[in-house]
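Encoded as structure tokens, the structure appears first; notes follow it.
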Amino acid sequence: MRIFVKKRTVLLIILCLILGFFIAYRIYVAPNSDPKSWTISKTEDGSKKFISKETLVSAIKQKQKLITTEVELKESITIDNSWGTLAIFKKMQSINFVGAGLYDIDLSTLNSKNITMKNNTITVTLQKPAIEAVTLDPNKTTYNETDRGLLRFGDIKLSTEDGELLRKTVQDKMKDKMLETQYYNTAIDNSKKSMINLIKSIVSNTNPTYTIQINFL
């Protein structure tokens with residue numbers, strides 16, 4: 001009987017120590033190791049969390065680019081998850097993306113070799129405008145209702161990898177659209193106007209008055 005009491009006493013002491021360590025951890029350690037966390041709002045069980053860590057700056061690079069044109073782009077992609085060609089096995093959904101595309105000109109190559117002055121005319125030669133970036137606006141993305149056949153049920157679900165591939169495909173298609181002649185020529189015209197206005201703002205108070213000419217390679 002005495003041995004049993006001793007064992008119970010030791011067990012209670014161990015349990016008290018474990019409980020004490022747990023309470024101390026929750027009070028003193030856990031708040032410091034979990035500074036910023038929030039639960040994903042649309043998970044089924046609400047148990048997944050993002051743990052915020054310190055943001056690190058890995059590199060700082062100087063840019064000498066002039067953004068001259070911004071365009072709004074729209075692209076609709078249809079996901080086909082049908083089984084064969086029979087209508088009863090059809091399962092399709094369209095997603096509508098909205099993005100912004102930027103054209104810029106690189107001023108880092110600007111030097112005395114590609115600037116000439118003759119008869120009150122300043123001529124500047126630069127590389128043609130390039131596509132700086134295409135970004136998608138997730139807040140403007142819309143999803144059409146799933147078009148299902150009689151024997152198909154549920155919605156189409158994409159994995160993380162499929163979603164990334166889909167967004168990249170949309171961005172590539174938007175870039176191709178930006179390179180079409182009618183849109184690219186507009187970017188060239190806007191780039192010339194931007195450079196002319198920039199140079200004029202520098203030489204506007206000089207005498208004589210200069211004519212600005214911009215050429216692209």
Side-chain angles (χ1 to χ4, degrees), residues 38 40-43 48 50 52 55-82 85 90-110 114 124-149 152 154-201 212-217:
W38 62 98
I40 302 174
S41 59
K42 292 186 178 181
T43 53
K48 296 182 179 65
F50 290 122
S52 176
T55 302
L56 300 177
V57 178
S58 59
I60 299 177
K61 297 180 180 180
Q62 183 181 9
K63 295 291 186 179
Q64 294 177 315
K65 294 184 178 182
L66 178 65
I67 295 175
T68 60
T69 307
E70 179 178 0
V71 295
E72 183 177 285
L73 300 155
K74 296 181 180 180
E75 183 70 38
S76 180
I77 297 291
T78 299
I79 304 172
D80 189 351
N81 188 227
S82 302
T85 58
K90 180 174 64 174
K91 191 175 187 180
M92 304 172 68
Q93 183 181 30
S94 294
I95 305 177
N96 308 301
F97 295 90
V98 177
L102 301 176
Y103 299 88
D104 67 16
I105 49 179
D106 189 359
L107 301 181
S108 64
T109 60
L110 194 62
N114 47 30
V124 179
T125 303
L126 292 167
Q127 295 292 328
K128 288 183 178 181
I131 297 176
E132 167 66 15
V134 173
T135 56
L136 302 178
D137 188 346
N139 295 322
K140 294 181 179 181
T141 301
T142 59
Y143 299 82
N144 294 353
E145 290 291 332
T146 304
D147 185 8
R148 292 182 291 267
R152 297 302 304 274
D155 294 323
I156 297 176
K157 295 182 179 180
L158 297 177
S159 66
T160 302
E161 292 77 11
D162 290 338
E164 289 294 332
L165 179 60
L166 178 60
R167 285 187 286 272
K168 184 180 184 304
T169 300
V170 171
Q171 288 175 312
D172 289 342
K173 288 175 69 66
M174 288 181 173
K175 288 179 182 179
D176 290 340
K177 177 63 67 174
M178 291 175 67
L179 291 174
E180 290 182 5
T181 302
Q182 65 179 109
Y183 305 112
Y184 190 68
N185 286 344
T186 300
I188 289 178
D189 291 340
N190 288 344
S191 298
K192 286 183 178 181
K193 292 176 183 177
S194 296
M195 281 301 301
I196 289 172
N197 292 334
L198 178 63
I199 298 173
K200 278 186 175 180
S201 67
I212 314 298
Q213 182 176 332
I214 305 297
N215 296 328
F216 290 113
L217 297 176

Next on the checklist: Between K173 and I77, is the side-chain contact (heavy atoms from CB on, under 4.5 Å) condition met? List the steps.
Outcome noted: CA-CA 10 Å; K173 288 175 69 66; I77 297 291; 4.2 Å; yes
Checklist entry - Should I199 and I214 be marked as a side-chain contact (heavy atoms from CB on, under 4.5 Å) after you check the CA-CA gap, both sets of side-chain angles, and the distance that decides it? => result CA-CA 10 Å; I199 298 173; I214 305 297; 4.1 Å; yes
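P129 and Y184 get closest at one heavy-atom pair: O-OH, 2.7 Å. The two residues G154 and T146 come nearest to each other via the heavy atoms O-CG2, 4.3 Å. Residues V134 and Q171 share a closest heavy-atom pair of O-NE2, 2.9 Å. In terms of heavy-atom proximity, S191 sits nearest to T68 at OG-OG1, 2.8 Å. In terms of heavy atoms, G101 sits closest to L73 at N-CD1, 4.0 Å.
Salt bridge present: K168 and D172 bring a charged side-chain N and a carboxylate O closer than 4.0 Å.
Distance CG/D137 to CZ/F97: 12.0 Å, rounded to 0.5 Å. If you take CG on N190 and OG1 on T186, they are separated by 6.5 Å, rounding to the nearest 0.5 Å. Atoms CD1 and OG1, from I95 and T142 in turn, are 9.0 Å apart once rounded to the nearest 0.5 Å. Expressed to the nearest 0.5 Å, how far OG1 of T69 lies from CE of M178 amounts to 8.5 Å. Summarising the geometry, atom OG1 belonging to T141 is positioned 6.5 Å from atom CG belonging to L136; distances are rounded to the nearest 0.5 Å. Atom CG of residue N81 and atom CG of residue D155 lie 11.0 Å apart, to the nearest 0.5 angstrom.
In this structure, I79 and L158 have side chains that are in contact, with non-hydrogen atoms separated by less than 4.5 Å. Contact of the K177 side chain with the M174 side chain is not registered, since no non-hydrogen atoms from C-beta on lie closer than 4.5 Å. In this structure, the side chains of E72 and V98 come closer than 4.5 Å at one or more pairs of heavy atoms. Using a 4.5 Å heavy-atom cutoff, the side chains of L107 and L126 are in contact.
With hydrogens and angles ignored, the 3.5 Å screen pairs a side-chain donor or acceptor of Q93 with a backbone N or O of N144. At least one donor-acceptor pair under 3.5 Å links the side chain of S82 to the backbone N or O of K91. Not one N or O on the side chain of Y103 forms a donor-acceptor pair closer than 3.5 Å with the backbone of V71. In this structure, E132 contributes its side chain and L102 its backbone to no donor-acceptor pair below 3.5 Å.
Other residues, nucleotides and ligands contribute more than 12 heavy atoms inside 6.0 Å of the CD atom of E180.
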